[in-house]
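Working notes, beginning with the structure itself.
Order of listing sets the numbers, starting from 1, for every ligand and every atom in it. The first residue of the sequence shown is numbered 1, and numbering continues consecutively from there.
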Amino acid sequence: MTTCTVAANQTNPHLPFGDQRGAPFYGKDILSVNQFCRSDLEYIFGVAHEMREMVARVGTFDLLKGKIMASLFYEPSTRTSSSFLAAMQRLGGSIIPINEVQYSSVAKGESLPDTIRTLECYADVIVLRHPEVGASELAAQYARKPVINAGDGVGEHPTQALLDLFTIMEELQRVDGLTVTLLGDLRYGRTVHSLARLLSLYDVRLNYVSPHALRMPGEILSELQDKGILQSEHELLAPVLPETDVLYITRVQKERFSDMDEYQTVKDAYVINPETMTAAKDRMIVMHPLPRLGEIDMAVDDDPRAAYFRQMEYGLYVRMALLAMVLGKA
Ligand code: ASP
């Protein structure tokens, strides 16, 4: 349910300016995109924009000096984990990185609640990636410190969706009125689940392009339909490419398939190459949460519309903003 954190906080006139408790996201968990409303997003992107400017100006500064972030990853990650670590360090804070849970007490059979209760004795905020849907919510029930969901199985990836939306804002200066085409593995790709939900706060048209077996889950389709979002499903990109403003491509999530023969039949369903790009708008942007496998030809990388490397950098600023916010410094 959308709670609208910023608006709720503005109605509290009793806290003096600069009081940490007056910061709207102070002490809050970041678990799902459903917790945000548009004014929350404006607030987050405002802070992320300031972070971008600060990094360009001074690189590293002491906003979170003395604070510690524990980063607990039960699944592989390059960008999410390293951008959270970089974000904390650019804000002057310190880190407890646990990227290889097989070398922690998890390998001895420790439960998630106990691992979380351990880490919160040492850290001020916990970033968690876990293969099970709902793991971050479970962790948040046990933790007194803020928990940030860095991906829970095929469920959600809220910080990725925030950085995706921030990328669209920074690159195209608007979201209302855009046609966004999500392509690839829409069934198992958690980033598209979160992004579609977040986009539904805006006046957008969504195209879903996927093999039949990898369609967007019905639950998300009906959630967005109830909000009046125009959605359409396709197996081919060509009919919708010319109207697309944002082409968001995802990898087929091999690790989620129980049947490898099924994976083989869909793994190369789409390949975007320079020829594909000739049919796209001049101002379209191509996004991808990465890693990419074969779905975007490297020859597309030099096209100015290829935004996927810039998208990674925007992630740093959004994660700096989130850390500063939940720790009461923004
Ligand atoms: N890095 C993204 C994720 O963790 C996308 C992917 O793995 O395909 O969900």
Side-chain angles (χ1 to χ4, degrees), residues 30-33 71-87 97-101 127-137 139 147-168 180-199 208-211 213-217 220 246-257 262-263 266-272 285-298 300 306-316 318-319 322:
I30 307 291
L31 301 178
S32 160
V33 290
S71 150
L72 178 61
F73 278 65
Y74 289 73
E75 277 193 336
S77 170
T78 301
R79 275 149 292 273
T80 307
S81 88
S82 55
S83 65
F84 264 115
L85 300 181
I98 306 182
N99 282 341
E100 309 207 33
V101 287
V127 175
L128 173 68
R129 169 167 291 185
H130 198 279
E132 277 159 38
V133 175
S136 302
E137 242 174 82
V147 171
I148 301 181
N149 179 1
D152 61 338
V154 297
E156 279 221 38
H157 198 344
T159 69
Q160 176 76 43
L162 289 170
L163 81 86
D164 291 341
L165 199 61
F166 184 61
T167 301
I168 297 173
V180 180
T181 298
L182 306 176
L183 172 138
D185 186 347
L186 308 184
R187 177 180 180 191
Y188 296 122
R190 56 190 167 203
T191 69
V192 280
H193 300 165
S194 290
L195 182 58
R197 287 184 164 123
L198 208 51
L199 285 167
Y208 305 125
V209 181
S210 72
L214 300 181
R215 290 170 58 203
M216 184 63 98
I220 297 178
V246 176
L247 177 60
Y248 190 99
I249 301 164
T250 62
R251 152 184 88 88
V252 178
Q253 311 273 302
K254 183 178 182 184
E255 67 276 31
R256 312 285 179 211
F257 283 75
E262 194 191 351
Y263 169 72
V266 289
K267 76 180 181 39
D268 298 318
Y270 305 100
V271 179
I272 306 302
I285 55 168
V286 182
M287 297 175 64
H288 192 307
L290 303 176
R292 74 171 147 187
L293 301 179
E295 59 278 356
I296 306 179
D297 190 323
M298 280 175 74
V300 176
Y308 33 91
F309 296 133
R310 299 192 290 277
Q311 185 182 350
M312 288 193 277
E313 189 185 324
Y314 292 127
L316 172 70
V318 168
R319 289 177 173 133
L322 292 172

Taking Thr250 for the side chain and Leu183 for the main chain, is one N or O donor matched with an acceptor at less than 3.5 Å?
-> yes
Put together the list of close N/O pairs, under 3.5 Å, between ligand 1 and the protein, could you?
{"unit_1": "ligand 1", "atom_1": "1 (N)", "unit_2": "Leu290", "atom_2": "O", "d": "2.9"}
{"unit_1": "ligand 1", "atom_1": "4 (O)", "unit_2": "Arg129", "atom_2": "NH2", "d": "3.1"}
{"unit_1": "ligand 1", "atom_1": "4 (O)", "unit_2": "Arg190", "atom_2": "NH2", "d": "2.9"}
{"unit_1": "ligand 1", "atom_1": "7 (O)", "unit_2": "Arg251", "atom_2": "NH2", "d": "2.8"}
{"unit_1": "ligand 1", "atom_1": "8 (O)", "unit_2": "Arg251", "atom_2": "NE", "d": "2.8"}
{"unit_1": "ligand 1", "atom_1": "8 (O)", "unit_2": "Arg251", "atom_2": "NH2", "d": "3.2"}
{"unit_1": "ligand 1", "atom_1": "8 (O)", "unit_2": "Gln253", "atom_2": "NE2", "d": "2.8"}
{"unit_1": "ligand 1", "atom_1": "9 (O)", "unit_2": "Arg190", "atom_2": "NE", "d": "2.9"}

Do Val127 and Phe73 touch side chain to side chain, with heavy atoms closer than 4.5 Å?
-> yes
Donor-acceptor pair between Thr80 and Arg129 side chains, under 3.5 angstrom = yes
So, for Val33 and Glu156, which heavy atoms are closest and what is the spacing to 0.1 Å?
-> N-OE1, 3.0 Å
Keeping the roles fixed (side chain from Ser194, backbone from His157), state whether a donor-acceptor pair exists under 3.5 Å.
-> yes
Basic-acidic side-chain contact under 4.0 Å: Glu75, Arg256 = yes
